[in-house]
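Order of appearance sets the numbers: ligands from 1, and atoms from 1 within every ligand. This one's a predicted model, so the numbers in the text were calculated from it and none came from an experiment. Hydrogens, waters and symmetry mates play no part in the numbers below; they use all other heavy atoms, side chains included.
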Amino acid sequence: MGGATRSRAPRVLAIESSCDETAAAVVEGGQVYSSVVASQIEVHARFGGVVPELASRHHLGAVVEVVEQALTRAGHAELVELDAVAVTEGPGLVGALLVGVMVARGLAAAAGLPLVGVHHMEGHLFSTSLGDAARESRAFGPHLALLVSGGHTEIVHVRGLGRYERLGATRDDAVGEAYDKVAKMLGIGYPGGPIIDDLSREGDPEAIAFPRAMIDSPDLDFSFSGLKTAVLTELEKRGEPTSRRALADVCASFQAAVVDVLVAKVARAHARLNERGLPIHVAGGVAANRGLRAGLARLGNELGVPFEAAPLAYCGDNAAMIGAAAAARLQAGLAHAVDVHSNRALDDPRLGA
Ligand code: KG4
Ligand code: ZN
């Protein structure tokens with residue numbers, strides 16, 4: 001499937017439907033021609049989390065229009081001049097994944113194009129290469145990636161395309177999940193990440209000394225469920241915050257605990273790899289967090305290594321990142337057919353180079 005002598009990067013229609021965003025995009029390598037995201041946040045907000053059955057149903061309702069919009073905005077409504085169709089094959093909610101896969105399969109067959117399966121987290125790794133010409137032109141080189149979202153918290157050593165080693169991961173809640181659960185306890189809305197992040201700016205990060213779980217353990221793993229319980233205990237002890245300032249103090253203190261642990265573990269991973277100049281990247285929904293971006297930027301400065309955060313527009317789930325990963329795989333002759341899976345790790349040998 002790989003293109004050996006292309007003059008330009010592959011032009012790809014990509015579809016993403018692994019969780020609660022129905023997304024489609026047309027990219028040429030890392031250059032984004034169109035990126036459409038229909039979020040189901042309102043559908044799931046009253047449950048405080050994603051309800052799988054509702055997610056599949058809403059993907060079905062949205063996917064055709066989202067794909068049409070992406071194609072039309074990119075000037076490819078007729079499906080001509082495309083090189084491939086790409087789709088997220090996992091991990092994710094199986095019913096949700098299947099909606100994207102069905103549509104992608106149908107379009108690829110109709111247009112006579114190859115269909116490329118992409119691992120969702122590999123997509124997130126590529127999100128740091130989207131957004132401007134300088135990023136797009138950069139090769140997908142070795143780096144240390146922190147992947148943080150509602151479903152994942154992992155530190156990955158990226159050696160090159162398809163060569164990933166997971167150095168550490170959460171043992172319980174994903175960091176975004178902890179944000180969402182704490183926001184639910186505080187009754188401030190869903191998804192909790194952006195709300196807590198905003199409120200944190202008004203609060204004192206040292207107001208409450210929340211635990212930094214596993215910060216001193218020699219491994220590169222995380223645990224966030226204890227922190228969530230600590231917030232609950234604090235609320236029970238002091239009562240619900242009665243002023244905006246008191247609420248902001250809880251948020252800022254929680255966020256400081258999260259950021260301290262994430263940054264400390266990335267620093268430890270970097271030291272362990274001991275590769276001079278190895279860049280640090282952060283991607284995934286929680287990469288939008290101001291405190292985390294600032295903390296990692298500071299770490300990059302201290303270590304004298306480049307730091308790259310995914311552009312805000314591509315932190316959350318989107319299809320442009322899936323298209324960019326597929327384009328890179330096509331160019332390298334490493335594209336594979338779709339193989340739907342709900343829970344395969346990023347360093348699964350089937351993804352390998
Ligand atoms: O990557 P994403 O859109 O979907 C998943 O694959 O999970 O990530 C969503 C998660 C949610 O838990 C949300 O609360 C969190 O990302 N999030 C944030 C921020 N923006 C979104 N967490 C902390 N700070 C933010 N600014
Ligand atoms: Zn994601």
Short N or O distance, [X] and ligand 1, threshold 3.5 Å exclusive:
X: P191; value: no
X: G193; value: yes
X: Y179; value: no
X: G176; value: yes

Are the aromatic rings of H120 and H152 close, with centres under 6.0 Å apart?
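Centroid distance H120-H152: not below 6.0 Å, so no.
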Under 6.0 Å between the ring centres of F126 and Y314?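 Judged by ring-centre distance (under 6.0 Å), F126 and Y314 do not meet the cut-off.
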Taking 4.0 angstrom as the limit and counting only heavy atoms of G316, give me the atoms of ligand 1 inside it, by number and element.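 Listed by number with element: 3 (O).
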Item checked: From CA spacing to verdict: side-chain hydrogen bond (donor to acceptor under 3.5 Å, both in side chains), N289, Y179 -> CA-CA 11 Å; N289 189 270; Y179 266 96; 3.2 Å; yes
- Item | Proximity of N289 to ligand 1 by residue part, where a heavy atom lies under 4.0 Å |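 For N289, backbone and side-chain atoms both sit under 4.0 Å from ligand 1.
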Review point. Under 4.0 Å from ligand 1, counting heavy atoms only, is it the side chain of H124, its backbone, both or neither?
Key: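 Just the side chain.
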Is a side-chain donor or acceptor of [X] paired with a backbone partner of [Y] at a separation under 3.5 angstrom?
X: S56; Y: P52; answer: yes
X: H44; Y: E42; answer: no
X: D172; Y: S225; answer: yes
X: S17; Y: H59; answer: no

| Is F222 reachable from L296 through a run of hydrophobic residues whose side-chain heavy atoms are each under 4.5 Å from the next? |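 Linked within one cluster.
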With a cutoff of 4.0 Å, is G151 in contact with ligand 1, counting heavy atoms of the residue only?
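Contact present.
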*With side chains defined as the heavy atoms from C-beta onward, is the minimum distance between E308 and R135 less than 4.5 Å?*
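Counting from C-beta outward, E308 and R135 do come under 4.5 Å.
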Just so I know, are the side chains of V258 and F210 near enough to count as touching, which here means a heavy-atom distance under 4.5 Å?
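Side-chain contact under 4.5 Å: no.
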Distance-only polar pair, side chains of [X] and [Y], donor-acceptor under 3.5 Å:
X: E21; Y: N318; result: no
X: K265; Y: S217; result: yes
X: T242; Y: E240; result: no

[atom]: the protein heavy-atom neighbour that sits closest, reported with distance to 0.1 Å:
atom: atom 4 (O) of ligand 1; result: D317 OD2, 3.5 Å
atom: atom 15 (C) of ligand 1; result: V286 CG2, 3.8 Å
atom: atom 26 (N) of ligand 1; result: D197 OD2, 3.0 Å
atom: atom 1 (O) of ligand 1; result: G285 N, 3.0 Å
atom: atom 13 (C) of ligand 1; result: D180 OD1, 3.8 Å
atom: atom 7 (O) of ligand 1; result: G150 N, 2.8 Å

Check: Leaving out waters, which are not shown anyway, how many protein N, O or S atoms lie closer than 2.8 Å to the Zn ion (ligand 2)?
Finding: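 If we list every protein N, O or S atom nearer than 2.8 Å to the Zn ion (ligand 2), we get 3.
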Among G291, G123, S39, P194, which one has a heavy atom closest to atom 19 (C) of ligand 1?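 Among G291, G123, S39, P194, the closest heavy atom to atom 19 (C) of ligand 1 belongs to P194.
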